[in-house]
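To keep things clear, I will list the structure first and then write my remarks on it.
In this text, all values refer to a predicted model and were calculated from it rather than measured experimentally.
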Amino acid sequence: MAQLALFENGAAGIAEVDIATRRFVRVNRRFAEMMRRPVAEMLTLGPPDLIHPGDLERVSGQWFAAMDSTGQWESTVRHVGPNGETIWMRLGVSLRNRDESGRPARCIAVLQDISETVEITERLRESEQLLRLGQQVARIGSFTRDLPTGEITCSAELRAIFGHASDESTLSTQGWLDLVHPDDRARIVAATRDAVARRAPDIAFSYRINRKDDGDLRYIEMRARYQFDAEGLPARSVGVIMDTTERNLAEDQLRESETLLRLGMTAGGIGAYHRDIRSGEIRCGAETRALHGLPAEGPISTQDWLATLLPEDAKRIMEELARNFARREPEFSFHYRFRREPDGPIRHMEVRSSHHYDDKGKPLTAAGVVIDVSRRIVAEQKLAHAARHDALTSLPNRVLFRDRMDLALARARRGEKFALLCLDLDRFKEVNDTLGHPVGDSLLVEVAARLRAQLRETDTLARLGGDEFAIIQAGLATPNDSVSLSRRLIECVSEPYDIEGNHLVVGVSIGIAIAPEDGALYEDLFKAADMALYRAKADGRGGWRWFEPEMNARMQMRRAVEVDLRQALERNEFELRYQPIVDTATRRIKSFEALIRWRHPERGLIAPDAFIPLCEEIGLITPLGAWVLREACAQAAHWPEPIGVAVNISPVQFTGRRKLLETVELALLTSGLAPERLEIEITETAVLQNTDATLGILRDLKKLGARIAMDDFGAGYSSLSSLQSFPFDKVKIDRSFTRGLEQSRKSDAIVTAVTDLCKGLEMCATAEGVETESQFEALRRRGCQEAQGYLFSRPCEAGEIPALIAHLGIYVALPEAAE
């Protein structure tokens with residue numbers, strides 16, 4: 001009945017197919033809905049009746065051939081609805097069983113409707129076509145230039161702009177320069193060489209060309225990005241070319257209009273002024289007088305005007321004017337600061353003026369306008385600050401910190417040592433997950449204030465993102481100075497916080513690198529400090545570590561293990577071991593826990609603690625977890641009923657709700673294992689992370705018929721409310737408490753409390769790590785219902801299970817009346 005319910009209520013479309021007749025034996029409601037047909041009609045059809053004619057030959061050839069070989073097949077296949085509409089499906093097929101002669105008999109097909117995804121992809125393709133059309137209309141071309149060879153690969157739009165034939169896809173650098181207007185050529189060459197010499201990532205400039213086909217003069221704007229190889233040598237540039245001829249002509253007309261506008265402003269007295277350079281007398285309108293706080297009437301001298309400016313700006317402007325007059329510049333623009341009142345706020349003014357000279361080149365007059373740009377300057381200052389500072393804590397961000405590091409490294413090359421400290425908060429994620437981001441943000445602000453209070457003005461504290469901070473400790477006398485600072489930082493950060501009524505405690509781990517010994521370049525020094533931080537966290541958090549050269553070797557080893565891990569699943573290097581879980585009243589087996597091992601070709605059998613965390617980091621845990629589920633269910637299907645199997649699920653797997661449910665469904669369907677014989681074990685960490693989402697997944701798993709157990713209870717940070725909120729069938733008491741039974745009153749009290757709590761909540765209590773008879777008897781006296789540990793058996797291979805069952809026996813619950 002459970003298998004039938006699983007088949008009928010599956011989240012995906014599911015069908016069982018007779019391979020000989022290629023007809024559906026049964027389909028669930030979801031599959032019928034996806035195909036827009038009733039279930040009864042579907043049972044009269046088969047895959048060939050529903051698959052799009054354009055895909056039928058491919059699917060028929062691959063699907064049924066795969067059943068005879070691997071027993072697994074997956075592909076994207078078009079189907080046809082009753083009204084001729086195309087339905088895109090993601091199809092996965094697994095062999096169900098074979099006939100007496102060993103030929104494939106039936107298979108299970110699991111389908112997902114991906115029509116919406118395909119439609120989105122098609123719209124994206126149309127958007128790309130529109131983008132290309134837009135480039136043609138806007139006359140924008142693209143290019144890639146190989147800098148060592150000088151060869152330029154041009155788009156069709158660029159060839160049209162330059163007047164090249166449509167079949168000339170490449171152009172030499174010299175060929176391009178030959179098109180550039182002679183008056184612009186030297187400037188362009190110099191700008192390009194300067195950008196490459198400075199290793200500037202981007203360059204932009206304007207120039208003119210004479211088209212190759214008709215010699216027509218065109219105005220061009222070019223923007224390019226340079227790419228350099230590992231040795232810093234220029235490799236290539238990628239950019240765009242825009243034909244701005246019409247825009248330039250329009251800008252010329254606009255400049256003429258602006259000249260007329262300036263004359264109109266002068267004639268109308270709107271923020272205008274006129275200065276007699278020989279006498280120094282300034283005539284200006286009421287607006288200009290009001291801006292500067294000058295008298296409403298009467299003459300104004302140059303000295304009266306200069307007196308309102310900040311002294312350093314007044315001196316600078318007069319020097320710039322003198323140089324301007326010496327060069328007989330017709331126009332001049334400058335910026336200065338002033339105060340309307342002696343103790344008033346600083347304001348910013350922009351002046352644009354035109355100068356008139358006599359026939360001997362001596363300046364006579366200047367006429368122009370004044371513009372109050374205070375708001376713009378303040379906004380620009382705020383933007384500049386925001387670009388280089390963290391918005392939450394106002395500390396320097398990565399950009400500014402990189403600048404400060406470059407300066408510190410330059411000083412280090414001259415003999416002035418400094419320490420780079422990389423900091424990472426401990427248990428901060430738990431605060432964010434349990435109390436929310438606003439509380440987490442407030443905590444970060446408080447932490448930043450405490451860190452800043454421990455530093456000198458010459459030091460730099462930056463927030464790099466999240467709960468990551470970094471410190472430049474300047475003027476290092478000895479390396480021990482960095483240790484003293486680290487200890488102060490750890491102490492001050494670890495003091496309790498009172499945030500919005502919440503009493504919080506977090507810690508900090510610190511990695512230290514010394515310049516220039518541990519690195520003379522930014523990337524090398526940061527890498528060293530980061531490795532030291534990684535070691536500090538691995539050693540238990542809340543401490544500091546100096547960088548040691550051996551850390552780099554360990555990191556290289558970790559990368560090698562990561563490479564091996566990615567290949568291990570393909571090479572079938574993973575194995576499962578099974579440890580029995582027994583009933584404490586009868587000592588008979590109730591279930592087995594599946595435990596993964598990695599048989600490395602060189603390092604031998606590796607325990608999960610050595611590779612599971614890395615699998616979670618690199619994204620391998622989801623396919624590995626799916627393999628464990630399939631393998632464990634397939635093995636358990638051969639055991640005598642009602643013995644079940646328990647499978648651990650990583651917290652990372654809970655981030656993909658639909659994927660996890662489909663994995664469990666497929667494992668049960670392909671193995672034929674009854675859902676109630678599958679037990680899903682999750683850790684306290686998974687419960688705490690994204691509580692609502694996790695609760696939804698567990699409820700869906702319960703609907704399938706699977707049992708749910710909380711693993712390692714008491715070893716983490718669970719709250720008792722989670723036992724009431726989540727649909728647990730079982731709680732597994734952590735081995736650390738079992739080990740202390742009959743030796744520690746605290747362990748005795750905790751085990752008693754958990755077993756009593758489970759009784760009240762109608763949950764099963766299971767003790768892990770049972771190794772002695774005295775521990776077993778103590779658990780039985782306290783009412784613990786199940787036990788697991790070396791006392792009964794070490795984890796064994798699947799082939800050893802029949803003998804173990806024969807030795808310990810099978811637990812079968814007595815009928816209630818008999819009890």
Expected output: side-chain [X] to main-chain [Y] donor-acceptor under 3.5 Å:
X	Y	value
Asp729	Ile708	yes
Arg677	Ile643	yes
Ser650	Val652	yes
Thr44	Glu41	yes
Glu85	Asn83	yes
Asp49	Gly46	yes
Arg36	Met34	yes
Arg22	Pro48	no
Gln579	Ser793	yes

- Message: Tell me whether the rings of Trp639 and Tyr578 are parallel (<30°), tilted (30 to 60°) or perpendicular (>60°).
- Response: perpendicular
- Message: Which label fits His600 and Trp598: parallel for a plane angle under 30°, tilted from 30 to 60°, or perpendicular past 60°?
- Response: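 Geometry flag for Trp598 against His600: perpendicular rings.
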- Message: Exactly one of Glu681, Glu676, Glu679 should register a salt bridge (charged side-chain N to carboxylate O under 4.0 Å, His left out) with Arg707. Which one does?
- Response: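 The option that passes is Glu679.
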- Interatomic distance, Ile606 atom CD1 to Arg599 atom CZ [nearest 0.5 angstrom]: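 Between atom CD1 of Ile606 and atom CZ of Arg599 there are 10.5 Å.
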Give a yes or no on whether [X] atom [atom1] has more than 12 heavy-atom contacts from other residues, nucleotides or ligands under 6.0 Å away.
X	atom1	answer
Arg58	CZ	yes
Glu116	CD	no
Gln567	CD	yes
Glu641	CD	no

- Selection residues 794-806 - residue pairs positive for salt bridge (charged side-chain N to carboxylate O under 4.0 Å, His left out), sequence neighbours left out: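 Counting only pairs at least two positions apart or across chains, the salt bridge (charged side-chain N to carboxylate O under 4.0 Å, His left out) contacts touching residues 794-806 are Arg577-Glu797.
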- Task: With sequence neighbours excluded, tell me which residues meet salt bridge (charged side-chain N to carboxylate O under 4.0 Å, His left out) with Asp229.
- Result: none
Side chain to side chain, [X] and [Y], heavy atoms closer than 4.5 Å:
X	Y	answer
Pro608	Leu595	no
Leu678	Val645	yes
Leu624	Ile612	yes
Trp627	Leu576	yes
Phe574	Leu565	yes

Ionic contact status for [Y] with [X], cut-off 4.0 Å:
X	Y	result
Glu593	Lys732	yes
Glu575	Arg597	no
Arg90	Glu74	yes

- Partner residues of Phe792 under the ring pair (Phe, Tyr, Trp, His ring centres under 6.0 Å) criterion, sequence neighbours left out: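 Partners of Phe792 by the ring pair (Phe, Tyr, Trp, His ring centres under 6.0 Å) criterion, ordered by chain and then number, come out as Phe776.
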- Trp88 and Thr86: which non-hydrogen atoms are nearest, and at how many Å? NE1-CG2, 3.9 Å
